[in-house]
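I have placed the structure first, in the form of structure tokens, so that the comments after it can refer back to it.
Both backbone and side-chain heavy atoms feed into the values below; hydrogens, waters and symmetry mates do not. Keep in mind that what you see is a predicted model, and the values were worked out from it rather than measured. Note on naming: letters A, B, ... go to the chains in the order of the sequence lines (proteins, then strands), and numbering restarts at 1 for each one.
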Protein chains: 2
Amino acid sequence: MKRKPSTEATGAWIRLMRVQSRVLAAVEQDLKKAGFPPLAWYDALLELSRAPSGELRPVELERQMLIPQYSTSRLIDRLVDEGLAVRRECKIDKRGQFIEITEAGRDLQKRMWAAYSAAIEKHIGSKLSDVDAAKLCALLDRLGCSCSQAQQLSAGEGASAR
Amino acid sequence: MKRKPSTEATGAWIRLMRVQSRVLAAVEQDLKKAGFPPLAWYDALLELSRAPSGELRPVELERQMLIPQYSTSRLIDRLVDEGLAVRRECKIDKRGQFIEITEAGRDLQKRMWAAYSAAIEKHIGSKLSDVDAAKLCALLDRLGCSCSQAQQLSAGEGASAR
DNA sequence: GACTATTCCATGCATCTGCATTTAATTCCG
DNA sequence: CGGAATTAAATGCAGATGCATGGAATAGTC
């Protein structure tokens, strides 16, 4: 129960931390330089745009994005402030609400995807063959336990987690 | 130059973000529950303890840990406040200083490694064979470009990046 | 030597985050 | 029904972070 990790396991840990940090920073940097907001905004807009009628309960969003409740609440504040989403009251449960993406929100999501996908290609795609990327996915899935849920790609997307 | 990433590359991106986030949170959580400070403290203490005479320039620390300058500065503040390190003036360059780890610092580093290594084993080692962990390392190295520098393990360690 | 550029580190300020708590509405259950 | 427990969302506050700037010392240039 208290076995020490092997050199390989420790190495994997270090690299997982370092590489993620580097790649994330690089991608965020690219987005920022293109004048876009943080990735978290993209993720939220994507989830909203994928939802049946372009709206979700904050709780749903929270579950999709794996971020704490208060974080979701404040992210929504910002999206609403920028006119990317609107709050709608929820008639069936007056505690709650619906968050609906606006046209401006959909538009931003699409424009961000152009820069975002280019960044992914630049920092991941160009460095790994598809076969190796798939191997990497498989190995990571063994650690993640459950990030493999859905997350299929249809028109243009990508998600993060933070 | 503007090619879209493959499904595999996008999948790898998503998993890299999600899995890292989960695993990091889990490990930090374990450390926290054991009553220890954040991982960044460990990393700094480790770097200091490894240094020839237990002291480093803030700039060195910054380079080792891959964190911004102001962040290093404040991390040092905290270590000093807690008596884990002391600032020493640098006679050869009066702009600078040396940060020296104290006995309390060395002690904390060692105690943290016990919990830290157990967490690595729990969240990585136990989920991946050594062979697979090595494969994961190799794939991640292709993305990271340069985290493979040194980082050998001698007595007990591990590093992160944030 | 005088002047400029660069390096090292700290810090003010605005924003962001985590944590705990609050308010309000809903559900559970005897 | 009526009160306890649960759930949805917001928020006050302390601490952390990013960014830009400041001051001090050194290095480079002519």
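Comparing B:K94 and A:P58 against DNA chain D, the residue whose closest nucleotide sits nearer the 5' end is A:P58.
Across all their heavy atoms, A:I99 and A:A85 have their closest contact at CG2-CB, 3.9 Å. For B:F98 against B:E55, the heavy-atom pair with the smallest separation is CB-OE1, 4.0 Å.
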Please list, pair by pair, any protein nitrogen or oxygen found under 3.5 Å from a nitrogen or oxygen in nucleotides 14-18 of chain D.
from   : atom 1 : to    : atom 2 : distance (Å)
D:dG18 : OP2    : B:Y70 : OH     : 3.3
D:dG18 : O5'    : B:Y70 : OH     : 3.2
D:dG18 : N7     : B:R74 : NH2    : 3.2
D:dG18 : O6     : B:R74 : NH2    : 2.9

Please list, for nucleotides 1-7 of chain D, all pairs of protein and nucleotide N/O atoms separated by less than 3.5 Å.
from  : atom 1 : to    : atom 2 : distance (Å)
D:dT7 : O2     : A:R95 : NH1    : 2.5

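Ionic pairing of A:R57 and A:E60 is not present here: no N-O contact between side-chain nitrogen and carboxylate oxygen is shorter than 4.0 angstrom. We find that A:D77 and A:R87 are joined by a salt bridge, their nearest charged nitrogen and carboxylate oxygen being less than 4.0 Å apart.
Rounded to whole angstrom, the span from the CD atom of B:Q69 across to the C1' atom of D:dA20 amounts to 11 Å. Going from atom NZ of B:K91 over to atom P of D:dA25 covers 15 Å, rounded to whole Å. Rounded to whole Å, the distance from CD1 on A:I92 to P on D:dA8 is 12 Å. Atoms CZ (A:F98) and C1' (D:dA8) sit 12 Å apart, rounded to a whole Å. One atom, CD1 of B:I76, and another, P of C:dA10, lie 6 Å apart when rounded to the nearest Å.
Between D:dA10 and A:S73, a contact under 4.0 Å exists linking OP1 or OP2 to a side-chain N or O.
Looking at heavy-atom distances under 4.0 Å, B:D77 makes no contact with the nucleic acid at all. Residue contacts for A:Q97: at a heavy-atom cut-off of 4.0 Å it reaches the sugar-phosphate backbone alone, with no base atom in range.
Within residues 82-90 of chain B, no residue places a heavy atom under 4.0 Å from DNA chain D.
Residues A:S21 and B:L66 fail the side-chain proximity criterion, which asks for heavy atoms closer than 4.5 Å.
The structure places CG of A:L108 at 10.0 Å from OH of A:Y42, a figure rounded to the nearest 0.5 Å. Considering CD1 of A:I120 and OG of A:S117, their distance stands at 7.0 Å, rounded to 0.5 Å.
Each of A:Y70 and A:L56 belongs to its own hydrophobic cluster when Ile, Leu, Val, Met, Phe, Trp and Tyr are linked at side-chain heavy-atom distances under 4.5 angstrom.
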